[in-house]
Amino acid sequence: MAEVIVALDAASASDAERLLERLPDVRWVKVGSVLMTREGSDLVRRFVARGLRVFLDLKWHDIPNTVAGAVRGARDLGVAMATVHTLGGRRMMEAAAEAAGNGIAMVGVTVLTSHDPASYASATGRHPAPLDGEVRRLAESARDAGLSGIVCSPLELGTVRQVLGGSALIVVPGIRRAADAGDDQVRTAAPRDAVAGGATHLVVGRPITAALDPAAAFRGVVEEAGAAVAGRFES
Ligand code: C5P
């Protein structure tokens with residue numbers, strides 16, 4: 001069964017906590033750099049204390065010693081999963097994986113979906129086109145460094161699942177059901193297609209958080225994701 005992670009892109013802790021009151025069945029939440037910078041680690045502690053699994057998406061990219069310290073801090077907070085940039089390099093990812101131990105699942109970001117080939121070349125001095133080959137290369141380095149998995153867009157699922165094999169975690173944002181607005185997401189997939197493609201965790205924000213009935217929207221995503229798992233194993 002794929003997990004559905006609700007992206008809490010709220011402006012304040014009280015907004016996030018009010019929203020969670022309306023989502024009693026949610027098990028996983030994503031806390032990103034906006035909420036973390038505004039509200040700090042106390043909010044993460046409160047989420048953990050109420051039994052939530054926290055995906056801390058701070059996309060660390062620093063020297064190995066510093067990233068290892070941040071991972072240990074997240075582990076002490078009770079965070080369940082966190083992100084590093086695979087472009088931080090092999091030693092940084094190894095340090096993150098070692099600091100995580102069995103306490104946190106560390107997943108790697110490959111090529112930010114905000115990049116196109118030109119902006120990626122300008123940032124890195126490399127000209128991989130299409131960027132798919134770069135996603136493959138970075139996913140391989142994450143696997144070899146011992147990370148638990150990768151964050152990727154729905155369009156990269158095939159490549160990433162092939163590189164990582166069957167048991168790795170694949171976390172996919174940009175999830176939209178047929179009836180949902182796309183918002184600013186371009187590369188989207190329906191929950192059932194993402195799960196059928198190998199996603200283990202679906203990150204869903206506005207289709208749930210901005211819905212008139214967030215609990216019903218959450219249930220809808222969970223049911224569609226669950227149906228896809230059943231289909232995958234029955235075929
Ligand atoms: O509201 P929506 O479902 O688009 O939110 C998706 C979440 O996943 C947001 O928190 C967004 O920052 C994050 N995300 C993304 N695309 C990526 C990486 C992260 O949408 N490539």
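Note that the numbering runs from 1 along the sequence shown for the chain. Numbering of ligands and ligand atoms starts at 1, following listing order.
When only interatomic distances are considered, the shortest N/O to N/O separation between Arg176 and ligand 1 falls below 3.5 Å. Geometrically, ligand 1 and Asp183 share no nitrogen or oxygen pair separated by less than 3.5 Å. Ligand 1 has no nitrogen or oxygen under 3.5 angstrom from a nitrogen or oxygen of Asp184. Considering backbone and side-chain N/O atoms, Gly205 comes within less than 3.5 Å of an N/O atom of ligand 1.
Checked by atom type and distance alone, the side chain of Thr188 never pairs as donor or acceptor with a backbone atom of Ile175 at under 3.5 Å. Using modelled atom types, one side-chain atom of Arg75 and one backbone atom of Ala99 make a donor-acceptor pair closer than 3.5 Å.
With rounding to the nearest 0.5 angstrom, the OG1 atom of Thr159 is 12.5 Å from the CD atom of Glu134. Distance CG/Asp144 to CD/Glu94: 9.0 Å, rounded to 0.5 Å. To the nearest 0.5 angstrom, Glu156 atom CD is 10.5 Å from Ile170 atom CD1.
Remark: minimum distance from atom 21 (N) of ligand 1 to any protein heavy atom is reached at Thr113 OG1, 2.7 Å. Closest to atom 10 (O) of ligand 1 among all protein heavy atoms lies Asp9 OD2, 2.7 Å. Looking only at heavy atoms of the protein, atom 11 (C) of ligand 1 is closest to Lys30 NZ, 4.2 Å.
Of the candidates Thr209, Val204, Leu20, Val6 forms a side chain to side chain contact (heavy atoms under 4.5 Å, CB included) with just one, namely Thr209.
Relative ring orientation between His115 and Tyr120 is described as perpendicular, the plane-to-plane angle rising above 60° on a 0-90° scale split at 30° and 60°.
Applying the ring pair (Phe, Tyr, Trp, His ring centres under 6.0 Å) criterion to His127, with sequence neighbours excluded, gives no partner residue.
At least one heavy atom of Pro207 sits less than 4.0 Å from an atom of ligand 1.
Nearest heavy atom pair, residue Pro207 against residue Asp180, reads CB-OD2, 3.6 Å.
Applying the 4.0 Å criterion to heavy atoms of Val203 picks out, from ligand 1, the atoms 7 (C), 8 (O). Each of the atoms 7 (C), 10 (O) of ligand 1 lies under 4.0 Å from some heavy atom of Ala7. Atoms of ligand 1 found under 4.0 Å from any heavy atom of Arg206, numbered from 1 in the order shown, are 1 (O), 2 (P), 3 (O), 4 (O).
At a 4.0 Å heavy-atom cut-off, ligand 1 touches Gln185 through the side chain alone.
Atom 16 (N) of ligand 1 has its nearest heavy-atom neighbour, among Gly182, Ser153, Pro173, in Pro173.
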